[in-house]
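A short write-up of the structure that comes next.
Reckoned from all heavy atoms, side chains included, excluding hydrogens, waters and symmetry mates. Each residue takes its place number in the sequence, starting with 1.
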Amino acid sequence: EVPVDVTNRWLHARLYPSDAGLTAYLYDVTERRQAERRAQRQSRQLQNLYDAAFTLNTVRERQDVLNAAVQISRDLLGTQQVTLAVPNDPPGEWQFSGLTGPPADDLRRVLEQITPDVTGALRDGPWTALPLVRATDPERGPDSLLGVLAFSSPDGPPDPDTETLLLTLGQMLSHALTRSALVEAD
């Protein structure tokens with residue numbers, strides 16, 4: 001199998017001897033190669049999620065959870081531009097983990113759109129933000145916003161595989177933040 005540089009396609013060649021020399025049969029195997037690469041990427045992502053779950057289950061203190069969450073998110077999402085924002089006092093203010101400077105305006109705009117009712121990722125400019133929510137029993141009150149996982153990807157919105165990964169990661173981070181709040185309450 002050989003790549004064809006000009007077209008980004010893969011060809012499988014079979015050569016057979018004949019009376020006139022060699023007979024070559026070429027098969028386009030691009031779709032199979034793409035499926036193999038996607039399966040390998042998904043397998044790595046699942047292993048990374050398993051490792052992330054192990055790490056998040058070992059940290060207890062809130063700041064340790066925030067630090068671990070940022071590093072895990074950077075590794076899983078493949079970007080250094082990751083922040084975990086958690087609500088701070090006074091209401092409407094955020095504590096940011098993972099930023100080296102003040103938050104960008106487009107990050108602030110996407111955070112203003114986040115409420116516990118938002119169930120999927122939101123996007124503004126290069127930033128994608130996922131609310132981290134603790135679901136409660138409807139009879140006990142509304143869901144509570146634990147934080148927001150945000151990352152910058154200038155290449156556009158996340159693909160479906162990354163979005164699935166993001167939602168799974170969001171659930172894991174929500175559980176870790178909830179657990180750290182319970183530990184600190186004791």
Only counting residues at least two apart or in another chain, list the ones meeting side-chain contact (heavy atoms from CB on, under 4.5 Å) with [X].
| X | answer |
| --- | --- |
| Pro126 | Asp106, Ser152 |
| Ser18 | Ala20, Thr23 |
| Gln171 | His175 |
| Ser153 | Arg123, Thr128, Phe151 |

I need the [X] [atom1] to [Y] [atom2] distance, nearest 0.5 Å.
| X | Y | atom1 | atom2 | value |
| --- | --- | --- | --- | --- |
| Leu111 | Trp127 | CG | CH2 | 9.0 Å |
| Asn48 | Leu76 | CG | CG | 5.5 Å |
| Leu122 | Leu130 | CG | CG | 8.5 Å |
| Met172 | Asn57 | CE | CG | 8.0 Å |
| Asp28 | His12 | CG | NE2 | 12.0 Å |
| Leu107 | Gln81 | CG | CD | 10.0 Å |

So the salt bridge (charged side-chain N to carboxylate O under 4.0 Å, His left out) pairs with at least one residue in residues 51-71 (sequence neighbours excluded) are none

Any pair counted as salt bridge (charged side-chain N to carboxylate O under 4.0 Å, His left out), so long as it reaches residues 156-182, sequence neighbours left out: Arg38-Asp161, Arg41-Asp161

Closest non-hydrogen atom pair, [X] against [Y]:
| X | Y | value |
| --- | --- | --- |
| Thr30 | Asn8 | CG2-O, 4.0 Å |
| Ala13 | Leu26 | CB-CD2, 3.6 Å |
| Gly120 | Pro131 | O-CD, 3.5 Å |

Are [X] and [Y] packed together at the side-chain level, in the sense that at least one heavy-atom pair is separated by less than 4.5 angstrom?
| X | Y | answer |
| --- | --- | --- |
| Gln42 | Gln40 | no |
| Val29 | Leu11 | no |
| Val86 | Phe96 | no |
| Trp94 | Val148 | yes |
| Leu146 | Val133 | no |

Checking side-chain contact (heavy atoms from CB on, under 4.5 Å) for the pair Leu84/Leu132: CA distance, chi angles, key distance, verdict? CA-CA 10 Å; Leu84 184 59; Leu132 306 175; 3.4 Å; yes

With clusters defined by side-chain heavy atoms of hydrophobic residues (ILVMFWY) lying less than 4.5 Å apart, directly or transitively, does [Y] cluster with [X]?
| X | Y | answer |
| --- | --- | --- |
| Val65 | Leu99 | no |
| Leu49 | Val82 | yes |
| Leu173 | Leu167 | yes |

Please list, chain by chain and in numerical order, all residues satisfying salt bridge (charged side-chain N to carboxylate O under 4.0 Å, His left out) with [X], sequence neighbours excluded.
| X | value |
| --- | --- |
| Glu184 | none |
| Arg108 | none |
| Arg109 | Asp124 |

Set of residues satisfying ring pair (Phe, Tyr, Trp, His ring centres under 6.0 Å) with respect to Tyr16, sequence neighbours excluded: Tyr25

Residue pairs passing the ring pair (Phe, Tyr, Trp, His ring centres under 6.0 Å) test with at least one member in residues 30-74, sequence neighbours excluded, are none

Expected list for residues 66-75: side-chain donor-acceptor pairs under 3.5 angstrom, two or more places apart:
from, atom 1, to, atom 2, distance (Å)
Asn67, OD1, Gln63, NE2, 3.1
Asn67, ND2, Gln63, O, 3.3
Gln71, NE2, Asp75, OD1, 3.1
Ser73, OG, Ala69, O, 2.7
Arg74, NE, Gln80, O, 3.0
Arg74, NH2, Gly98, O, 2.8

